[in-house]
Amino acid sequence: MSGAAVSPSLDWNGDNGRRWVENQDRLDRMLAAYGEALARVAAPAVGDHVLDVGCGAGATTFDMAARVGSSGRVVGLDISAPLIGRALDLAAERTAKTDGAVEFRLADAALAEFAPDFDRIVSRFGVMFFDDPVAAFANLRRALKPDGRLVFVCWRGAAENDWTRLPMSAIRHLASVPPPDPEAPGPFSFGDRERVRRILERAGYADIDIRPFDSPVPFGAGDTADAALDDAVDHAIRVGPLERALRGVSETVRAQALAAVRLAFAGKLRPDGVWIDGAAWIVSARPA
Ligand SMILES: C[S@@+](CC[C@H](N)C(=O)[O-])C[C@H]1O[C@@H](n2cnc3c(N)ncnc32)[C@H](O)[C@@H]1O
């Protein structure tokens, strides 16, 4: 197990990791459709060995364990001590006897040592944060059996993801929101499909398939439209790009920003709450 370093873009062992732990239930509900799409493409067989990279609190790890059954094995690997801690707590609470053996490792996926043991490497939004993605994916390739497959889901660009585009556009006149460097490690660093392909080719992968997957993200719920909107705004300032953009602004600016975000979210109200469009790639590749 290698030591967990601090990501330069997002502090997964500090505030950001803590926020993900605090909001884990809700984030899992928000990302569920993306995890299901990932599982459909990864399609692990009973008995398979699966590595879940950037597993966070383990939702995908547990899902994979249920799919590979008691003869399989699933390793969830993450750089964040708080999130691995949460995953271990959830594992202890689980009683399903049909699950394959689940193990969690605190490690940097870019540096961890692997034997070529895995039929699948999967990730739900956990591979966009590497400083040197070519080196990291080359390292992960060493974990795959020769006929194994890497399958991950990552966000497309911020401009295509209304769940971030809407709130960030709404506050642009109030807070400094520098346009994100599209290649800097972070949630949208794999927005450019050709960049993802180049990274994987250089890292030693072949048969690279990158297909769009779009699904609305449940952002807010409540008994009334107002309650659902309040809930959506409350969530948006707890975790994610909006929370980061509003750090350190005055109370007045913060209140104006939240009113602007609420207005932007109002266009996304449905009878069952606030649902905001999300856009991802599902990426699949084999070792070359
Ligand atoms: C957006 S979260 C997704 C978490 C989880 N897969 C999910 O869907 O809930 C990204 C995760 O990647 C992890 N991560 C970031 N860089 C990593 C690295 N170099 N090695 C391992 N995990 C990393 C973070 O700690 C975080 O848990």
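No hydrogens, no waters, no symmetry mates; every other heavy atom, side chains included, goes into these values. Starting from 1, each residue takes its place in the sequence as its number. In each ligand, atom 1 is the first atom listed, and ligand 1 is the first ligand listed.
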Ligand-side contact atoms (ligand 1) for residue partner Phe125, heavy atom cut-off under 4.0 Å: 1 (C), 2 (S), 3 (C), 10 (C)
Contact atoms of ligand 1, heavy-atom distance to Phe130 under 4.0 Å: 18 (C), 19 (N)
Ring centres under 6.0 angstrom apart (Trp275, Trp163): no
Part of Cys55 with heavy atoms under 4.0 Å of ligand 1, whether side chain, backbone, both or neither: backbone
Note: Arg73-Asp117 ion pair, threshold 4.0 Å (strictly below): yes
Which segment of Ala107 sits under 4.0 Å of ligand 1 when only heavy atoms are counted: backbone
Heteroatom distance test (Gly54, ligand 1): nitrogen or oxygen, under 3.5 angstrom: yes
Heavy atom of Asp78, distance to ligand 1 below 4.0 Å: yes
Salt-bridge present (Glu113, Arg142; N to O < 4.0 Å): no
Numbered atoms of ligand 1 (with element) below 4.0 Å of Asp108, judged on heavy atoms: 18 (C), 19 (N), 20 (N)
Whether Tyr34 lies under 4.0 Å from ligand 1, heavy atom: no
Polar atom proximity, Thr60 to ligand 1 (N or O, under 3.5 Å): no
Residues forming a salt bridge (charged side-chain N to carboxylate O under 4.0 Å, His left out) with Asp277, sequence neighbours excluded: Lys268
Lys/Arg-Asp/Glu bridge criterion (N-O < 4.0 Å) met for Arg124, Asp28: yes
Phe62/Phe104 aromatic ring centres below 6.0 Å: yes
Short N-O contact, Arg26 and Asp231, less than 4.0 angstrom: yes
Sub-4.0 Å atoms of ligand 1 with respect to non-hydrogen atoms of Ala109: 18 (C), 19 (N), 20 (N), 21 (C)
Whether Gly17 lies under 4.0 Å from ligand 1, heavy atom: no
Element-labelled atoms of ligand 1 that are located less than 4.0 Å from some non-hydrogen atom of Phe129: 10 (C), 15 (C), 16 (N)
Salt-bridge criterion met for Arg247 and Glu243 (N-O under 4.0 Å): yes
Contact partition for Ile79 relative to ligand 1, non-hydrogen atoms under 4.0 Å: both
Sub-4.0 Å atoms of ligand 1 with respect to non-hydrogen atoms of Ser80: 25 (O)
Ring centers of Trp155, Phe190 separated by less than 6.0 Å: no
Sub-4.0 Å atoms of ligand 1 with respect to non-hydrogen atoms of Leu83: 27 (O)
Polar proximity ligand 1 side, Trp12 side, N/O cut 3.5 Å exclusive: no
Within the 6.0 Å centroid threshold, strictly below: Phe152 and Trp281: no
